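So the structure is just underneath, and the comments pick up after that.
From a predicted model like this one, the values you see are computed outputs, not experimental measurements. Letters go in sequence order (proteins before strands), and every chain restarts at 1.
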2 protein chains.
Amino acid sequence: MRNSSADQLILETLGKQKSHLTSHQIYEAVHLRLPALNPSTVYRALDRLVNQGKVTVSDMGLGAAVFELTGEKPHHHLVCQGCGHITLIADDQIAPLISNLEKNYHYKIKTNHLVLFGFCEKCQDTA
Amino acid sequence: MRNSSADQLILETLGKQKSHLTSHQIYEAVHLRLPALNPSTVYRALDRLVNQGKVTVSDMGLGAAVFELTGEKPHHHLVCQGCGHITLIADDQIAPLISNLEKNYHYKIKTNHLVLFGFCEKCQDTA
DNA sequence: CATTATAATGCAAATCTTTGCAATTGCGAT
DNA sequence: ATCGCAATTGCAAAGATTTGCATTATAATG
C-alpha cells in the first residue's frame, strides 16, 4: 500500500462532510477539485479505503450505498420507511448484543454502523 | 397494484433458490424463461416487490445487494471478512434487542435480516 | 359490453460503475 | 542515486442500472 493522492482527496472530502455520501457524490466532489482524476481511479480508491477500514459503507435505504469516515465510536440508525426520518441509536443499546455475539460465536465483529428500517410512531398510525 | 407477470416470475425464481441472488442474477434467470422481458421491467418489478415487503434485500459484503423471498422467521448472518464464511445467527439472539429498541424509540422495526461483518476465530489468528 | 383510470411494460438514451490492459509512479532495497 | 517490484492510475470499452416517455394491458365502473 502506498500514499495515493486519490485516497487523500477522498478522505478530505469525507472529513469535511457531516452526512453520508454516495459513491457518485464522492466522485463529483473529488472531480471538482481535481478534474483530471479518472472515475475509475476514484471508485477504486474508495474500494480500497473501505477494505482498509478507513471508510465505512452502509445502506440507508436510498437506492445507493453511502460512505463516511470510520468514526471512533460506533453509531447506529433507525430509518423510517414512511417519512424517511432518521434516528440515532445510542451505542450502548447495541454494544451488549455485539459483545454477546462475539462471545457466543468466537467472532471479532467489525460492523460499526447498524441501520434498522421500520416505521416511526407517526407513520405507524398512518399505515 | 396489479397482477404482474414479471413479479410472478421473479417470485418463482427466488422461490426455487435457497441462496441469495443479486439483481443481475435475477435478471438473467428471468430472462432465460421469458427472453422478451425487458431489463428495465425486471429491475422495476424487483423494486416493487421489495417495497411491498415480499422480497428482502441485504448487503452481504459482495459488491452488490442480494435478494431473497421474505421468510416467515427473521434470520441473521455473520460474515467473515477474512475467509468469507457465513454463520447463521439464531433469531433469539437478536429478537430481544429489536423489541427493546421498538419500546425505547416507539418504532415498528421491519428489518428482518441483519448482516454483521467481522472475523471468525481462524481469521483472527491470521490477521 | 364499453369506458376510463391506472399500473405495467417496452424502448432508447443516459448514467453509473466495473474491468482489462498498458503506462506510470512511489517506495524499499541495493 | 539507481533498480526493480508492486501499487496506482488512465483510458477505452463493456456492463449494469436507471430514467423519461409513449404504448399496452388490466381491473374497476357505469
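If you take OH of B:Tyr27 and P of D:dG15, they are 12 Å apart, rounded to a whole angstrom. Across the protein-nucleic acid pair, B:Asp7 atom CG and D:dA25 atom C1' stand 14 Å apart, rounded to whole Å. The interatomic distance linking A:His31 (NE2) with C:dT15 (P) rounds to 14 Å, in whole Å.
Evaluation of the ring-ring contact (aromatic ring centres under 6.0 Å, His included) test over residues 31-59 of chain A, restricted to residues two or more places apart or in two chains, returns A:Tyr27-A:His31.
The stretch residues 32-54 of chain A touches DNA chain C through A:Ser40, A:Tyr43, A:Arg44, each having a heavy atom within less than 4.0 Å of the strand.
With B:Gln93 contributing its side chain and B:Ala90 its backbone, the two residues share no donor-acceptor pair below 3.5 Å. Distance alone, capped at 3.5 Å, places no donor-acceptor pair between the A:Thr56 side chain and the A:Leu69 backbone. Without hydrogens or angle criteria, B:Ser4 side chain to B:Ala6 main chain gives a donor-acceptor distance under 3.5 Å.
Inter-residue side-chain proximity for B:Ile26 and B:Val30 is flagged as met; some heavy-atom pair is nearer than 4.5 Å. Between B:Gln17 and B:Gln25 the shortest side-chain heavy-atom distance does not fall below 4.5 Å. Counting only heavy atoms from C-beta outward, the side chains of A:Glu12 and A:Arg33 approach each other to under 4.5 Å.
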For every nucleotide of nucleotides 22-30 of chain C, 5' to 3': is a protein heavy atom under 4.0 Å from its base (B), only from its sugar-phosphate (S), or from neither (-)?
---BBS---
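Under a 4.0 Å N-O distance rule, the pair B:Asp7/B:Arg48 qualifies as a salt bridge.
Within the structure, every side-chain polar atom (N or O) of B:Ser4 is placed at least 4.0 Å from both OP1 and OP2 of D:dA25.
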